[in-house]
Number of protein chains: 2
Amino acid sequence: MVTINPNSPVDEDLVKDKETAFAEFIQRRGLKTTRQRNTIISTFFRLKGHISVEELLVEVKKANPRIGYATVYRTLHLLVESGLVEERRFGDGLARYEGHSAVEHHDHMICLECGMISEFYNPRLEALQEHLAEENNFEIYRHRLELYGACKDKAACDTRKKQKEARAQGA
Amino acid sequence: MVTINPNSPVDEDLVKDKETAFAEFIQRRGLKTTRQRNTIISTFFRLKGHISVEELLVEVKKANPRIGYATVYRTLHLLVESGLVEERRFGDGLARYEGHSAVEHHDHMICLECGMISEFYNPRLEALQEHLAEENNFEIYRHRLELYGACKDKAACDTRKKQKEARAQGA
DNA sequence: TCGGTAATGAAAACAGTTTTCGTAATCCAA
DNA sequence: TTGGATTACGAAAACTGTTTTCATTACCGA
């Protein structure tokens, strides 16, 4: 199993790569490079995890308070179309966005206590799904697997929970 | 693998059981039995598959056109709270409701062409998930696995697709 | 640097869902 | 069996997250 560490530092080179890739996408599509889009994507790629529009907007406004959520939404759609970002929904009613990790595809475990979302990948799981689809005369384009539950490490979980509450207070 | 056949006839005894169970739930909670609720649940349990609020409302109105969607929403929430029904979201932005099948838990394959949703269950898949959670020091409460793709039986798929389009026309 | 095109921001629109509020129905206790 | 407290109803308004509109501004190739 591969587990992605959400606490790893931001890889500046990787961010630069993403920014370049996005710039190329924009060019290819005959769109324009703008101050706002640059602010938004550079903010986005420096954030880790599964970012909601709200969360991103808060950060973006720190760099430029005049940017509104319409532009954030629009830019996120472009990021998704460019293939640099994936949209996810974990059932709390709002979309979350995730910059592609080193691991191309992965599934998620979501802690209902502290909100931690961790990513994992397992080839046997993938193979088994293919097998089941085969049996059912079905061709898989993509899939989604989410495990909802709780961290067993209660101490760490509790710390994250409190951090989250503190953040919610501050907002 | 267990595959649930969505074309099996409605089991009247099972419907009666559900109705009784719901009546007991209502009583237990100190709520009231009403004509509207009876209409809604009896309509719901006679429908197969993954019913949207819209679809249910259309059917309910055939029995009693005066019933509005607020009541349908409210009754569906009660059904979910009673544990007789599960809410699902397959990414098209609307909630779908599913009366528990004979198989307690199951996953879904969703055809993006014809909209067919089929259910399956595989113990190895479940076991593997448990194993992965274990490795990650995580306790699973529930999970969700959805395979999005297309039926390989193009003829059958196309027929369903056309039926669906016809229904959309009619509405 | 001009000018056509695309992007922006604020506000309105939108879809699905939830809530409100005045009226009506249920059902327990008398 | 009724009275009356309580719950449910239906229509409409409110709400939430997201998308669109529209007038204005910014980009960028000629």
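Proteins come first, then strands; the chains are lettered A, B, ... in the order of their sequence lines, and each starts at number 1.
As a whole-Å value, the separation of B:Ile26 CD1 from C:dC27 P is 10 Å. C:dA7 atom C1' lies 14 Å from atom CG of A:Asn64, rounded to whole Å. Residue B:Ile67 contributes atom CD1, which lies 15 Å from atom P of D:dA8 at whole-angstrom precision. D:dC27 atom C1' lies 12 Å from atom CD of A:Gln27, rounded to whole Å. Nucleotide C:dA6 holds its P atom 18 Å from the CG atom of A:Asn38, rounded to whole Å. For A:Leu78 and D:dT19, the CG to C1' distance is 14 Å, given to the nearest whole Å. Atoms CZ (B:Arg35) and C1' (D:dA8) sit 13 Å apart, rounded to a whole Å. Rounding to whole angstrom units, NZ of residue A:Lys32 and P of D:dC28 are separated by 7 Å.
Under 4.0 Å is where a charged nitrogen must lie from a carboxylate oxygen, and between B:Arg89 and B:Glu87 at least one such pair does. With respect to B:Lys154 and B:Glu113, no salt bridge is recorded, no charged nitrogen being found less than 4.0 Å from a carboxylate O. Residues B:Glu134 and A:Lys152 are paired through a salt bridge, judged by an N-O separation under 4.0 Å between the basic side chain and the carboxylate. Between B:Glu12 and B:Arg46 a salt bridge is recorded (basic side-chain N to carboxylate O distance below 4.0 Å). Of the charged side-chain nitrogens involved, none lies within less than 4.0 Å of a carboxylate oxygen, so that B:Arg88 and B:Glu146 do not count as a salt-bridged pair.
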Check nucleotides 20-24 of chain C for protein N or O atoms closer than 3.5 Å to its own N or O atoms and list the pairs.
unit_1 : atom_1 : unit_2  : atom_2 : d
C:dT20 : O4     : B:Arg74 : NH1    : 3.3

Could I get a table of every N or O pair under 3.5 Å where one atom is in the protein and the other is in nucleotides 13-17 of chain C?
unit_1 : atom_1 : unit_2  : atom_2 : d
C:dT17 : OP1    : B:Ala95 : N      : 2.9
C:dT17 : OP2    : B:Tyr73 : OH     : 2.6
C:dT17 : O5'    : B:Tyr73 : OH     : 3.1

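The aromatic rings of B:Tyr73 and B:His77 sit tilted relative to each other, their planes meeting at an angle between 30° and 60°.
Contact annotation: B:Arg29 side-chain N/O to D:dT7 OP1/OP2 distance is not under 4.0 Å. Dashed line: the shortest gap from a side-chain N or O of B:Gln36 to OP1 or OP2 of D:dA8 is not under 4.0 Å. When the side-chain nitrogen and oxygen atoms of A:Thr34 are compared with OP1 and OP2 of D:dC27, none of them lie within a distance under 4.0 Å. For C:dC27, one of the phosphate oxygens OP1 or OP2 lies less than 4.0 angstrom from a side-chain nitrogen or oxygen of B:Thr33.
For the residue pair B:Glu135 and B:His131, a side-chain donor N or O sits within less than 3.5 Å of a side-chain acceptor on the partner.
Under a cut-off of 6.0 angstrom, the local environment of CD in B:Glu81 is crowded, with over 12 non-hydrogen atoms contributed by other residues, nucleotides or ligands.
Under the salt bridge (Lys or Arg N to Asp or Glu O under 4.0 Å) criterion, B:Asp153 pairs with no residue at all, not counting sequence neighbours.
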